[in-house]
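Here is the structure we will look at, set down as structure tokens.
For ligands, and for the atoms within them, numbers begin at 1 and follow the listed sequence. As the structure is a prediction and not an experimental result, all values here were calculated from the model.
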Amino acid sequence: MAQTVYRARLLVFDAPFDGIYPGAEQRASFNEDGALLVEHGRVVASGAYDAVAPRITAQASVISLRDKLIVPGFIDTHLHFAQTEIIASPAPSLLPWLQTWTFPAERRFEDAAYAREVADFFLDQLLAAGTTSAAVYCSVHPQSVHALFEASHARNLRLIAGKVLMDRNCPPFLRDTAQSGYDDSLALMTRWHGTGRQLYALTPRFAPTSTQAQLDACRTLAAAHPDVFIQSHVAENTDEIAWVAQLFPGHRSYLDVYEHYGLLRRRAIYGHCIHLDDVDRARMAACGALASHCPTSNLFLGSGLFDFEAADATNMPVALGSDVGAGTSFSMLQTMNEAHKIARLRGYHLSALRMFWLATAAAAHALELAGHIGTLAAGSEADFIVLDPAATTLLARRTAQADSLEALLFAFALLGDDRAVAHTYAAGRLVHSRATPPELAVQLR
Ligand code: GUN
Ligand code: ZN
């Protein structure tokens with residue numbers, strides 16, 4: 001494959017990361033006349049066009065997108081493939097929502113053909129939203145995991161996913177056992193972790209739906225496979241927290257249950273993290289676990305307001321998640337919009353640059369994937385999106401007044417959604433286009 005150079009406004013997060021999350025977004029590099037040089041699905045060079053130009057060979061295709069903005073593809077660190085069809089289903093709060101909508105919906109994934117059909121739709125939604133990587137919960141059925149990974153592998157996306165583990169406090173039709181959950185997880189991990197760009201996550205749904213035996217089995221698998229991911233939910237809802245205290249007496253906190261079972265570590269992602277205390281946040285930071293803040297879900301279910309100030313004070317790694325189907329949008333731009341407002345309700349200003357960092361490089365760093373995705377640094381995989389500042393008449397009017405990078409990004413975050421994503425590229429290949437694919441409009445230099 002020959003070189004392709006994308007000439008556009010360009011935002012990259014290629015500075016070395018020192019492990020301090022608050023303020024890290026400031027080391028972004030932005031070029032009004034930028035170039036992203038791609039070869040064999042990887043970024044060869046990125047930065048100012050003039051600086052990249054000497055690397056461009058005579059045979060390279062030049063795609064001119066001068067009025068657009070290229071940023072790293074979004075990373076959605078928490079959502080549920082098996083809840084795609086129940087997005088926007090109301091309930092008073094988390095636990096009734098699970099009973100009323102979620103468990104019946106997830107049951108349908110015992111049918112592999114249905115799972116395959118939804119997997120294609122789900123990936124189309126992600127790519128249309130500009131999300132090129134995600135950490136995904138499948139259902140309890142192994143066939144749902146095969147369906148998603150097969151579809152993702154066929155499109156060469158970098159995806160993290162896993163089979164939900166659940167051996168109590170759920171309907172019998174969704175229940176595994178400590179042994180079957182262990183066996184299925186091991187088989188799926190062996191089949192998929194590291195196959196192409198696919199990565200496996202051990203996925204105990206949340207502490208209330210696993211017995212101690214199941215969490216013990218998880219600990220064994222996690223210890224034997226330190227490079228595998230872990231994902232679960234924590235401290236989302238006050239009823240849930242009270243329930244965990246009853247089911248697991250003697251623990252300092254809900255998070256402590258996961259730590260006790262060896263599940264608080266690097267490459268672990270905990271959804272929500274709303275009602276943590278500072279000791280919990282410090283443990284998350286010390287163990288290198290990632291908090292996935294899911295604002296549209298937290299507002300939809302009335303779960304609570306994530307505390308950015310407290311997260312910053314402890315250097316807890318934070319990234320963003322859509323949490324579809326409790327979340328109400330696949331769009332990470334819409335997710336930023338709601339994150340900004342939640343922060344505002346707590347008197348905290350979440351800048352647009354920080355939100356773009358959270359949706360890209362922050363996630364990549366926290367998941368030890370920064371060499372691959374989220375930054376557009378030279379050598380990384382060419383997962384990127386082309387944002388159109390004139391995607392809607394309102395965006396066009398607002399961005400015409402934007403006199404800084406922050407103002408431009410803020411307009412995208414507050415007014416944007418999938419309409420703002422003109423093109424999505426994964427490993428250098430165009431995988432979604434709203435408009436005429438730019439390859440058909442190649443301009444000569
Ligand atoms: N806690 C346990 N399961 C779920 C789920 O599916 N969605 C959300 N938002 N929280 C959960
Ligand atoms: Zn969730």
Side-chain angles (χ1 to χ4, degrees), residues 76-109 122 126 131 134-141 144 160-171 174-176 181 201-210 214-215 218 229-244 247-248 254-255 257-258 263 268-276 290-306 319-330 332 335 338 342:
D76 183 340
T77 59
H78 181 116
L79 84 167
H80 300 258
F81 151 54
Q83 296 172 12
T84 302
E85 290 188 338
I86 54 153
I87 189 169
S89 298
S93 62
L94 170 66
L95 300 177
W97 179 81
L98 287 173
Q99 291 294 340
T100 310
W101 300 106
T102 315
F103 292 150
E106 295 192 4
R107 183 181 197 173
R108 299 187 65 188
F109 287 76
F122 175 81
L126 289 181
T131 298
V136 186
Y137 290 58
C138 300
S139 72
V140 75
H141 314 96
S144 74
I160 302 170
K163 175 202 121 61
V164 160
L165 294 160
M166 194 157 52
D167 69 342
R168 66 165 164 172
N169 292 322
C170 63
L174 283 181
R175 205 169 292 177
D176 57 12
L202 290 166
T203 308
R205 173 169 225 121
F206 65 158
T209 46
S210 286
Q214 182 158 71
L215 294 176
C218 244
F229 293 81
I230 296 169
Q231 54 186 354
S232 193
H233 297 84
V234 75
E236 175 179 4
N237 166 286
T238 49
D239 294 337
E240 169 207 21
I241 294 168
W243 194 20
V244 171
L247 292 169
F248 297 90
Y254 184 172
L255 188 75
V257 174
Y258 295 122
L263 302 176
I269 310 169
Y270 284 94
H272 305 295
C273 296
I274 300 169
H275 309 282
L276 296 181
L290 172 65
S292 177
H293 170 36
C294 304
T296 74
S297 166
N298 299 163
L299 293 174
F300 182 69
L301 291 177
S303 303
L305 306 176
F306 184 83
L320 297 177
S322 69
D323 195 27
V324 165
T328 54
S329 173
F330 278 91
M332 295 311 283
T335 303
E338 307 278 81
I342 286 182

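- Across all their heavy atoms, Ser329 and Thr335 have their closest contact at O-OG1, 4.4 Å.
- Between the Zn ion (ligand 2) and His78 there is an N/O/S contact shorter than 2.8 Å.
- Numbered from 1 in the order shown, with element, the atoms of ligand 1 that lie under 4.0 Å from a heavy atom of Gln83 read 5 (C), 6 (O).
- Judged by the shortest distance from any of its heavy atoms, Tyr137 lies outside the 4.0 Å radius around the atoms of ligand 1.
- Side-chain contact of Asp176 with Gln214: a donor-acceptor pair under 3.5 Å is present, judged by distance alone.
- Here the heavy atom of the protein found nearest to atom 3 (N) of ligand 1 is Arg205 NE, 2.8 Å.
- Neither the backbone nor the side chain of Glu240 comes within contact range of ligand 1; no heavy atom lies under 4.0 Å.
- Relative orientation of the His80 and His233 rings is parallel, given thresholds of 30° and 60° on the angle between their planes.
- Heavy atoms of Leu94 found under 4.0 angstrom from ligand 1 belong exclusively to the side chain.
- The atoms of ligand 1 that sit less than 4.0 Å from any heavy atom of His80 are 5 (C), 6 (O), 7 (N).
- Proximity of His272 to ligand 1 is established by a heavy-atom distance of less than 4.0 Å.
- Protein heavy atom at the shortest distance from atom 10 (N) of ligand 1 is Glu236 OE1, 2.7 Å.
- Here His80 reaches the Zn ion (ligand 2): one of its N/O/S atoms is less than 2.8 Å from the metal.
- Residue contacts with ligand 1, taken as heavy atom pairs separated by less than 4.0 Å, do not involve Phe103 at all.
- Taking the six-membered ring wherever Trp is involved, the centroid distance between the rings of Tyr137 and His78 falls below 6.0 Å.
- Shortest non-hydrogen contact noted between Phe300 and Ala326 is CD2-O, 3.3 Å.
- Close contacts of ligand 1 with Asp323, meaning ligand atoms under 4.0 Å from a residue heavy atom, involve 8 (C), 9 (N).
- Aromatic ring pairs are classed by plane angle as parallel below 30°, tilted from 30° to 60° and perpendicular above 60°; the pair Phe330 and Phe122 is perpendicular.
- Heavy-atom minimum distance, Tyr254 versus Ala207: CE2-CB, 3.9 Å.
- Side-chain atoms of His272 and Asn237 form no donor-acceptor pair, as typed in the model, at a separation below 3.5 Å.
- Among the atoms of Asp323, an N, O or S atom falls under 2.8 Å of the Zn ion (ligand 2).
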Next on the checklist: Let's go through Leu79 and Leu126 carefully: what are the C-alpha distance in whole Å and the side-chain angles of both, what is the deciding distance for side-chain contact (heavy atoms from CB on, under 4.5 Å) to 0.1 Å, and is it a yes or a no?
Outcome noted: CA-CA 11 Å; Leu79 84 167; Leu126 289 181; 3.9 Å; yes
